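Notes follow the structure.
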Amino acid sequence: MRRSRGLVCECLGAATCPDGAANGTCVTQPGGYCFVAVEEVLDDSGLVVVDRTAGCLPPDESGFMQCKSSQVPHQHPKVIECCFESDLCNRRLQPALPEPPPDVTESPGAGGAGGAPTLLLAAALCVALLAALAAALLLLRRRRRAGKRPPSPPAPLPADASSGSGSGLPLLVQRTVAKQIQMVESIGKGRYGEVWLARWRGERVAVKVFFTTEEASWFRETEIYQTVLMRHENILGFIAADIKGTGSWTQMLLITDYHENGSLHDYLQTVVLDTNSLMTMAYSIVSGLAHLHMDIFGTKGKPAIAHRDIKSKNILVKRNGQCAIADFGLAVRYVAQRDEVDIAPNTRVGTRRYMAPEVLDEKLDVTNFDAFKMADMYSLGLVLWEMCRRCCSGGKAQLVEPYALPYHELVPPDPSFEDMHACVVRAARRPGVPARWLASEPLAALAQLMCECWHSSPPVRLTALRVKKTLAKFRTETTVKLV
Ligand code: C9U
């Protein structure tokens with residue numbers, strides 16, 4: 001069973017508790033575990049005492065494997081027990097240390113009066129000293145890295161210092177970042193909540209503040225951003241996620257890179273593109289989507305992800321003319337090991353205007369991951385159409401079409417599911433391709449691609465990788481012609 005939200009766990013011991021855990025609890029990542037560990041350590045006077053710690057562990061290998069492997073008693077006994085059934089489930093865990101073998105401590109034959117215990121004590125002391133030294137070194141290294149890291153973009157950390165869940169900063173650093181944020185101004189509002197321009201250590205960042213009703217979107221988006229190998233120049237750069245508050249009141253934040261040009265939807269309202277910038281933008285968007293859709297095999301591989309809400313408002317325009325895909329609150333992952341589609345429990349659906357015909361017809365097979373990728377490709381076709389309208393093919397003086405949302409002439413401004421179904425499924429309508437596009441090579445090439453993306457039959461649609469390759473080829477060919 002997948003758990004879509006974090007667990008609250010009892011937290012004991014400064015090393016395992018966030019910020020010294022004033023309230024004695026911590027929250028795991030979705031899918032994480034609560035644990036209790038008991039360990040024999042030496043106190044100040046050299047006596048062996050049992051130390052009990054408790055707290056949160058990350059999901060799967062990096063967390064649960066600890067629970068399994070530590071059951072094996074070693075020279076310096078430590079036992080970890082984990083649970084995930086309910087919040088604070090670790091309160092009732094009572095891991096017991098293995099009984100010491102009687103012949104070691106009591107048998108006079110084992111080295112004479114006090115010989116073995118003294119040896120054991122000396123060995124334990126060495127192990128404890130080495131462990132303390134290793135812990136101190138690790139802590140020092142983590143602090144140095146956290147202090148040095150620039151906010152935008154934070155370099156992906158090697159596995160030892162990461163949160164244990166893939167790309168992104170360690171969770172404690174993320175919490176610290178969230179505490180240091182100063183909100184500057186609100187730059188967008190939507191059904192999800194609000195987006196703010198904020199400052200972090202003097203640099204501009206974007207902060208998405210989720211409505212409490214959008215908890216599932218926050219969890220999913222945070223989870224997706226922290227997926228291994230998710231970082232890509234055409235995917236919005238994740239910095240940190242945090243949740244704070246008590247009982248009835250919670251604030252969920254997502255902190256990312258800030259792009260002053262805003263969304264592609266904002267940008268196309270005022271800017272007219274030349275064919276070069278159109279191609280750069282189109283290529284970058286499809287590169288981001290191809291990366292998202294791709295699975296990378298291996299122990300530190302990346303699962304294939306489908307977005308499910310591709311639209312111009314969810315694409316940011318970067319200063320270098322490339323774009324970055326944002327908003328993963330609805331995304332689904334393909335878990336290859338289990339041949340399973342991981343769909344988070346979320347009542348949210350995609351944007352009606354951009355929904356593929358099979359989604360509107362409620363015929364999308366949710367057990368088939370490729371079906372989600374094909375639906376993304378349909379939405380991408382509509383975004384390409386929005387961009388082409390704003391591209392002047394014959395010099396800046398040439399007229400371009402005014403900015404418009406797809407199907408602007410065919411459905412009302414806030415179309416219902418039924419409006420879209422009637423238009424896209426029953427009447428099988430698609431956005432119009434103006435004659436002027438066909439007279440321009442780049443626009444004609446893109447027109448051809450978008451039609452193959454929004455085909456009524458999902459398997460006939462192009463894949464992101466195919467569109468990316470076609471655009472790459474087109475760009476090299478036209479560059480050669482220009483030289
Ligand atoms: C509202 C859609 N949206 C924009 C951003 C995000 N959502 C976002 C998504 N995930 C995490 C954090 C944020 C976003 N926006 C920017 N920059 C930006 C700059 C100017 C505007 C909007 C956004 N304007 C809107 C229209 N009025 C003038 C300012 N950067 C990163 C993410």
Side-chain angles (χ1 to χ4, degrees), residues 6 17-23 25-27 29 142-157 161-163 165 167-215 217-226 230-231 233 235-263 265-267 313-320 324-329:
C17 302
D19 308 333
N23 58 0
T25 58
C26 55
V27 182
Q29 296 159 254
R142 278 186 182 197
R143 284 220 178 124
R144 235 186 264 144
R145 278 190 186 151
K148 270 189 199 164
R149 193 168 303 117
S152 162
L157 290 167
S162 81
S163 54
S165 58
S167 306
L169 294 163
L171 297 180
L172 288 187
V173 180
Q174 290 190 34
R175 174 145 289 180
T176 312
V177 172
K179 278 187 183 157
Q180 293 167 340
I181 291 288
Q182 292 146 7
M183 300 294 206
V184 177
E185 60 170 317
S186 170
I187 50 174
K189 281 189 179 133
R191 292 189 182 138
Y192 55 86
E194 198 166 358
V195 173
W196 286 73
L197 161 65
R199 286 206 171 269
W200 184 63
R201 294 195 185 172
E203 295 226 23
R204 293 190 299 181
V205 293
V207 181
K208 185 152 139 188
V209 185
F210 290 74
F211 289 135
T212 20
T213 48
E214 288 297 314
E215 191 192 29
S217 299
W218 178 84
F219 270 115
R220 174 64 6 164
E221 193 161 12
T222 301
E223 192 172 37
I224 296 286
Y225 270 121
Q226 305 201 65
M230 178 68 179
R231 196 164 272 283
E233 65 177 323
I235 286 176
L236 182 60
F238 169 79
I239 298 173
D242 194 29
I243 185 163
K244 44 189 166 187
T246 49
S248 57
W249 176 85
T250 37
Q251 190 179 41
M252 291 161 290
L253 304 179
L254 186 69
I255 304 159
T256 66
D257 289 346
Y258 173 78
H259 299 292
E260 63 204 13
N261 289 325
S263 72
H265 176 263
D266 302 330
Y267 192 74
K313 284 184 182 165
N314 284 340
I315 296 170
L316 280 309
V317 179
K318 306 208 295 185
R319 221 189 286 177
N320 65 3
I325 301 173
D327 193 346
F328 298 92

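Predicted, not measured: the structure shown is a model, and the values here were computed from it.
Rounded to the nearest 0.5 angstrom, Ile239 CD1 and Glu203 CD are separated by 8.5 Å. Note that CD1 of Ile187 and CG of Leu197 are 5.5 Å apart. Values are rounded to the nearest 0.5 Å. Annotation: the span from Gln226 atom CD to Leu169 atom CG amounts to 8.5 Å, rounded to 0.5 Å. Between Leu316 atom CG and Asn314 atom CG the span is 9.0 Å, to the nearest 0.5 Å. Note that CE of Met252 and CG of Leu254 are 11.0 Å apart. Values are rounded to the nearest 0.5 Å. A distance of 5.0 Å separates CZ in Arg201 from CD in Gln180, rounded to the nearest 0.5 Å.
Here Phe328 and Tyr225 bring their ring centres to under 6.0 angstrom of each other.
Salt bridge present: Arg204 and Glu260 bring a charged side-chain N and a carboxylate O closer than 4.0 Å.
Taking each heavy atom of Lys313 and Ser263 in turn, the nearest pair found is O-CB, 3.7 Å. The minimum heavy-atom distance linking Ser186 with Glu194 is given by the pair OG-OE2, 2.6 Å. Residue Trp218 comes nearest to Ala241 through the heavy atom pair CZ2-CB, 4.0 Å, listed as atom of the first residue, atom of the second, then distance. Taking every heavy atom of both residues into account, Ala324 and Lys318 meet most closely at CB-CD, 4.3 Å.
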Practice task
Evaluate the criterion salt bridge (Lys or Arg N to Asp or Glu O under 4.0 Å) for residue pair Glu221 and Lys208; output intermediate values, then yes/no.
Solution key: CA-CA 11 Å; Glu221 193 161 12; Lys208 185 152 139 188; 3.0 Å; yes

Practice task
Could you go through the side chain to side chain contact (heavy atoms under 4.5 Å, CB included) check for Trp196 and Gln182 one step at a time?
Solution key: CA-CA 10 Å; Trp196 286 73; Gln182 292 146 7; over 6 Å; no

Practice task
Take His259 and Val317, measure what side chain to side chain contact (heavy atoms under 4.5 Å, CB included) needs, and give me the verdict at the end.
Solution key: CA-CA 7 Å; His259 299 292; Val317 179; over 6 Å; no

Handout entry: Leu171 and Gln29: CA distance, side-chain angles, deciding distance, side chain to side chain contact (heavy atoms under 4.5 Å, CB included) verdict
Key = CA-CA 9 Å; Leu171 297 180; Gln29 296 159 254; 3.7 Å; yes

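Considering only heavy atoms from C-beta on, Ile255 comes within 4.5 Å of Val177 through its side chain. Two residues are said to be in side-chain contact when any heavy atoms from C-beta on lie closer than 4.5 Å; Ile181 and Val205 meet this criterion.
When the options Val207, Ile243, Thr222 are evaluated for a side chain to side chain contact (heavy atoms under 4.5 Å, CB included) with Leu253, the one that passes is Val207.
With hydrogens and angles disregarded, a donor-acceptor distance shorter than 3.5 Å links the side chain of Arg231 to the backbone of Phe238. The main-chain N or O of Lys244 is never found under 3.5 Å from a side-chain atom of Asp242 such that the two would form a donor-acceptor pair.
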